[in-house]
Amino acid sequence: MDAAPRDLVDLPTDAELGVPVPFMCGTDQWGGPRDGSAPTIRRLDGRRVTQCALSRVCGVCGAPLGRPVAFVGTERERGRNAFHAAPSHVGCAEHLLGWLAGASGPLLGQDDADPDGRGWVVVTTSGFEFVRPTAEQVDRRPVFQPNSLLT
């Protein structure tokens with residue numbers, strides 16, 4: 001795996017949407033996503049999501065996480081307390097919200113980024129559990145379950 005960028009200006013740009021591509025969505029180096037396509041904010045790179053969880057690095061900038069930790073997701077994810085996007089710094093989450101604003105279609109691996117018509121939400125926490133799917137689960141994506149919710 002290539003090294004994580006540390007400044008948001010070092011992130012690749014989504015060719016379609018013209019916004020930065022978060023670290024959890026892939027990088028240009030080492031071939032990009034597994035299918036060889038260019039990194040995009042539309043889908044998550046499973047390798048990067050796992051790297052963020054196990055190395056406790058920000059899903060947006062790739063730098064080490066401190067506390068609090070922020071999760072960006074849909075209202076549905078907040079209701080389930082199960083997020084697919086990797087954790088991030090609070091400031092990076094705010095930048096990510098700005099990049100998502102106005103974009104339509106699938107974003108951050110969601111089939112419908114705004115199923116309830118209410119936009120994206122940010123949840124902050126002091127910790128989280130990384131839960132990998134079992135063979136019986138239909139949705140094979142890992143999830144993050146925040147604990148000790150702050151917001």
Side-chain angles (χ1 to χ4, degrees), residues 1-8 10-12 14 19-100 103 106-116 118-151:
M1 291 257 161
D2 53 317
R6 295 297 187 242
D7 292 320
L8 297 181
D10 294 334
L11 294 172
D14 187 298
V19 298
V21 176
F23 180 69
M24 66 184 137
C25 296
T27 60
D28 289 325
Q29 298 175 355
W30 301 94
R34 286 181 191 220
D35 65 2
S37 63
T40 176
I41 198 169
R42 295 208 177 275
R43 64 180 179 264
L44 297 171
D45 182 333
R47 299 172 300 171
R48 292 277 178 237
V49 171
T50 300
Q51 180 181 1
C52 292
L54 300 180
S55 299
R56 197 169 166 80
V57 297
C58 178
V60 177
C61 72
L65 287 170
R67 286 191 174 82
V69 173
F71 286 94
V72 174
T74 63
E75 287 284 348
R76 184 175 299 152
E77 287 180 304
R78 178 168 58 182
R80 290 188 336 236
N81 196 42
F83 294 84
H84 292 98
S88 66
H89 301 107
V90 174
C92 288
E94 292 168 358
H95 283 287
L96 180 57
L97 284 179
W99 303 336
L100 296 170
L107 296 166
L108 296 180
Q110 299 292 329
D111 291 334
D112 184 358
D114 193 6
D116 304 316
R118 290 178 260 179
W120 295 91
V121 297
V122 175
V123 171
T124 57
T125 180
S126 60
F128 61 87
E129 297 295 325
F130 180 61
V131 182
R132 297 179 192 213
T134 62
E136 296 81 32
Q137 290 177 289
V138 175
D139 188 347
R140 303 287 301 168
R141 298 175 294 172
V143 296
F144 295 89
Q145 295 177 327
N147 54 40
S148 306
L149 293 177
L150 303 173
T151 61

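Using a 4.5 Å heavy-atom threshold, the side chains of L107 and W120 count as touching. L96 is listed as a side-chain neighbour of M24, based on a closest heavy-atom distance under 4.5 Å.
With sequence neighbours left out, V90 forms a side chain to side chain contact (heavy atoms under 4.5 Å, CB included) with P68, A70, E94, T124. Considering only residues two or more places apart in sequence or on other chains, P146 meets the side chain to side chain contact (heavy atoms under 4.5 Å, CB included) condition with F71, N81, F83, T125, L149.
For the atom pair CG (D45) and OG1 (T50), the distance works out to 9.0 Å, reported to the nearest 0.5 Å.
Of all non-hydrogen atoms in L65 and S88, the two that sit nearest each other are CD2-C, 3.5 Å. For the pair C92 and L8, the tightest heavy-atom approach, listed with the atom from each and the gap, is SG-CD2, 4.4 Å. What you find for S126 and S148 is that their closest heavy atoms are OG-CB, 3.1 Å.
Between the side chain of R42 and the main chain of P106, a donor-acceptor pair closer than 3.5 Å is present. Side chain of R48 to main chain of C25: no donor-acceptor pair is present (N/O by atom type, distance under 3.5 Å, no hydrogens or angles). R141 places no side-chain N or O within 3.5 Å of a backbone atom of L44 that could act as its donor or acceptor partner.
Evaluation of the ring-ring contact (aromatic ring centres under 6.0 Å, His included) test over residues 40-66, restricted to residues two or more places apart or in two chains, returns none.
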Pair V69-F144, side chain to side chain contact (heavy atoms under 4.5 Å, CB included): steps then yes or no: CA-CA 11 Å; V69 173; F144 295 89; over 6 Å; no
